[in-house]
Amino acid sequence: MALALLFAAGAPGSFWASPSNVSGVVWVLIGLAAIAFSLVLAKALKRFNGLVWALLLAGIGIGVYGAWRLGS
């Protein structure tokens, strides 16, 4: 929620000056894309198979890593 508010209100220049914040945002967005892709793939296949679970867990892991980068 805080990340959504940060983008909605516009991040201050000092936020974007930190390389860890920029990379954190990129990793979070990649994680969200992986999660969305896994859910679309599950809907297309009409079931959750091993590939979908692997993509979903990878997306969650990548998103958590990005959030960790934002917090550091």
Side-chain angles (χ1 to χ4, degrees):
M1 183 64 154
L3 189 62
L5 290 175
L6 184 66
F7 286 110
S14 61
F15 176 82
W16 297 112
S18 172
S20 67
N21 287 343
V22 174
S23 69
V25 169
V26 170
W27 283 113
V28 167
L29 292 176
I30 291 171
L32 289 175
I35 291 169
F37 180 68
S38 70
L39 295 176
V40 168
L41 187 61
K43 186 172 176 98
L45 296 174
K46 295 183 176 40
R47 65 187 179 111
F48 272 82
N49 59 9
L51 176 65
V52 173
W53 280 111
L55 283 172
L56 183 64
L57 292 176
I60 291 171
I62 292 169
V64 167
Y65 175 70
W68 174 75
R69 293 282 298 183
L70 280 170
S72 63

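Linking Ile, Leu, Val, Met, Phe, Trp and Tyr whenever their side-chain heavy atoms come within less than 4.5 Å puts Leu39 and Val64 in one cluster. Grouping the Ile, Leu, Val, Met, Phe, Trp and Tyr side chains by contacts below 4.5 angstrom, directly or via other members, places Val28 apart from Phe37. Cluster membership for Val25 and Val22, using ILVMFWY side-chain heavy atoms within less than 4.5 angstrom, is shared. Leu51 is connected to Phe48 through a chain of hydrophobic side-chain contacts under 4.5 Å among Ile, Leu, Val, Met, Phe, Trp and Tyr, so both are in one cluster. In the hydrophobic clustering of this structure, Ile62 does not group with Leu29; members are Ile, Leu, Val, Met, Phe, Trp, Tyr whose side-chain heavy atoms approach within less than 4.5 Å, directly or through other members.
Using bins of under 30°, 30° to 60° and over 60° for the plane-to-plane angle, the ring pair Tyr65/Trp27 lands in the perpendicular bin.
Annotation for Ala34 and Gly59: closest pair CB-CA, 3.7 Å, computed over non-hydrogen atoms.
Here CG of Leu41 is found 10.0 Å from CZ of Arg47. Values are rounded to the nearest 0.5 Å. Within the model, atoms CD1 of Ile30 and OG of Ser23 stand 10.0 Å from one another, a figure rounded to the nearest 0.5 Å. Note: Leu32 CG to Ile60 CD1 = 10.5 Å, rounded to the nearest 0.5 Å. Note that CG of Leu55 and OG of Ser38 are 6.0 Å apart. Values are rounded to the nearest 0.5 Å.
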Carefully, step by step, assess Val52 and Asn49 under the rule side-chain contact (heavy atoms from CB on, under 4.5 Å).
-> CA-CA 5 Å; Val52 173; Asn49 59 9; 3.2 Å; yes

